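Not measured: the values here are computed from a predicted model. Index from 1, following the sequence. FYI, side chains are in, hydrogens and waters are out, and symmetry mates aren't considered; it's all heavy atoms of this structure. Whatever order the structure lists them in is the order used to number ligands and atoms, beginning at 1.
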Amino acid sequence: MVIKTIEKLRETLATARRENKTIGFVPTMGFLHEGHLSLIRKANEENDLVVVSIFVNPTQFGPNEDFETYPRNIEQDTTLANEAGADIIFNPSATEIYPIGSSSWVNVEGDITSVLCGASRPTHFQGVTTVVNILFNIVKPHRAYFGQKDAQQAAVLTKMVQDLHIDLELVVCSIVREADGLALSSRNTYLSSEERKQALILNQSLLKANEAYKKGETDTKTLTKLIKDTINTMPLATIDYVSIYSYPALQEIEKIETPAIIAVAVKFGKTRLIDNILLENSK
Ligand code: PAF
């Protein structure tokens with residue numbers, strides 16, 4: 001069932017709540033791929049009712065970013081989401097979510113939002129936390145599902161839920177990759193075949209650094225250089241950042257003390273891809 005208005009969604013969910021059904025929620029911007037579908041399947045396993053939102057959120061895009069051209073296909077998304085176990089697809093308009101005159105923001109402050117993607121996309125996380133908060137207020141889910149591919153987003157939202165005492169369980173699910181290692185992303189569709197081939201270096205460089213770490217290398221400068229050198233072997237790659245931080249607080253570290261994250265953002269042509277790996281304790 002596709003629902004477009006908050007009123008109708010609230011009415012439908014109120015009935016489910018009266019029947020003591022648990023509600024799982026998967027917020028998305030659509031153009032669903034296997035990564036999203038794995039979240040929907042998990043939500044379906046763990047809840048009585050699954051709501052998937054499909055909303056390309058304008059407030060998380062910067063002025064020169066790809067809001068207008070972000071890929072959209074609501075018909076295909078509806079079929080895929082239903083097959084994966086969605087009961088309700090919430091597909092609101094921008095004015096339904098942000099009525100004219102709305103002027104409230106939710107902000108998580110500190111390093112957690114200012115490093116990594118926050119450095120090159122200064123208003124991005126404010127847009128994400130605001131829309132996710134709005135969606136949580138509308139859906140009031142028992143559990144909400146996000147992917148580890150957007151590791152910083154997962155950390156920021158986990159902090160928001162803690163700080164604001166939002167009464168739900170936030171579930172973070174592992175990255176889904178193509179057979180050749182490319183992390184799934186709706187933006188992969190922008191890549192030319194040559195760019196896609198070269199983009200495999202992201203996962204390869206992370207695995208290489210993880211190997212070096214497992215063999216005993218804990219110096220973050222050395223590991224960062226190893227990754228940068230590896231990525232720079234690809235002529236179409238332009239590095240935005242290669243960073244190693246504690247996780248989930250995202251504090252700078254000189255030596256790796258787990259848990260830590262290596263996160264990369266690299267442009268291939270106009271397409272900016274992100275990937276990451278969590279470093280587990282190897283000792
Ligand atoms: O991860 C995304 O697709 C978006 O950032 C989210 C969480 C749906 C908010 O618009």
Q: Using only heavy-atom distances, determine whether the side chains of Tyr70 and Glu65 contain a donor-acceptor pair under 3.5 Å.
A: no

Q.
Can you confirm whether the side chains of Arg196 and Asn188 place a donor and an acceptor under 3.5 Å from each other?
A. no

Q.
Check this for me, if you would: do Lys8 and Glu96 make a salt bridge, where the nitrogen-to-carboxylate-oxygen distance has to be below 4.0 angstrom?
A. no

Q. Side chain to side chain donor-acceptor pair (under 3.5 Å) between Glu46 and Tyr145: does it pass, once the steps are laid out?
A. CA-CA 11 Å; Glu46 297 180 348; Tyr145 297 79; 2.7 Å; yes

Q: Mark up the atoms of ligand 1 that fall under 4.0 Å of a heavy atom belonging to Gln60, in ascending order.
A: 4 (C), 5 (O), 9 (C), 10 (O)

Q) Tell me: protein heavy atom nearest atom 3 (O) of ligand 1, and distance? A) Met29 CG, 3.6 Å

Q | N or O contact, Asn57 vs ligand 1, cut-off under 3.5 Å | A | no

Show me the side-chain donor-acceptor pairs of residues 264-272 shorter than 3.5 Å, one per line, residues at least two apart or across chains.
residue	atom	partner	partner atom	Å
Arg272	NE	Asp240	OD2	2.9
Arg272	NH2	Ser120	OG	3.4
Arg272	NH2	Asp240	OD2	3.1

(Q) Once you restrict to heavy atoms under 4.0 Å, what part of Thr28 touches ligand 1? Side chain, backbone, both or neither. (A) backbone

**Q.** Ligand-residue contact atoms, ligand 1 with Val131, heavy atoms, under 4.0 Å
**A.** 9 (C), 10 (O)

(Q) Only heavy atoms of Gln153, strictly under 4.0 Å: list the atoms of ligand 1 that pass. (A) 1 (O), 2 (C), 4 (C), 5 (O), 7 (C)

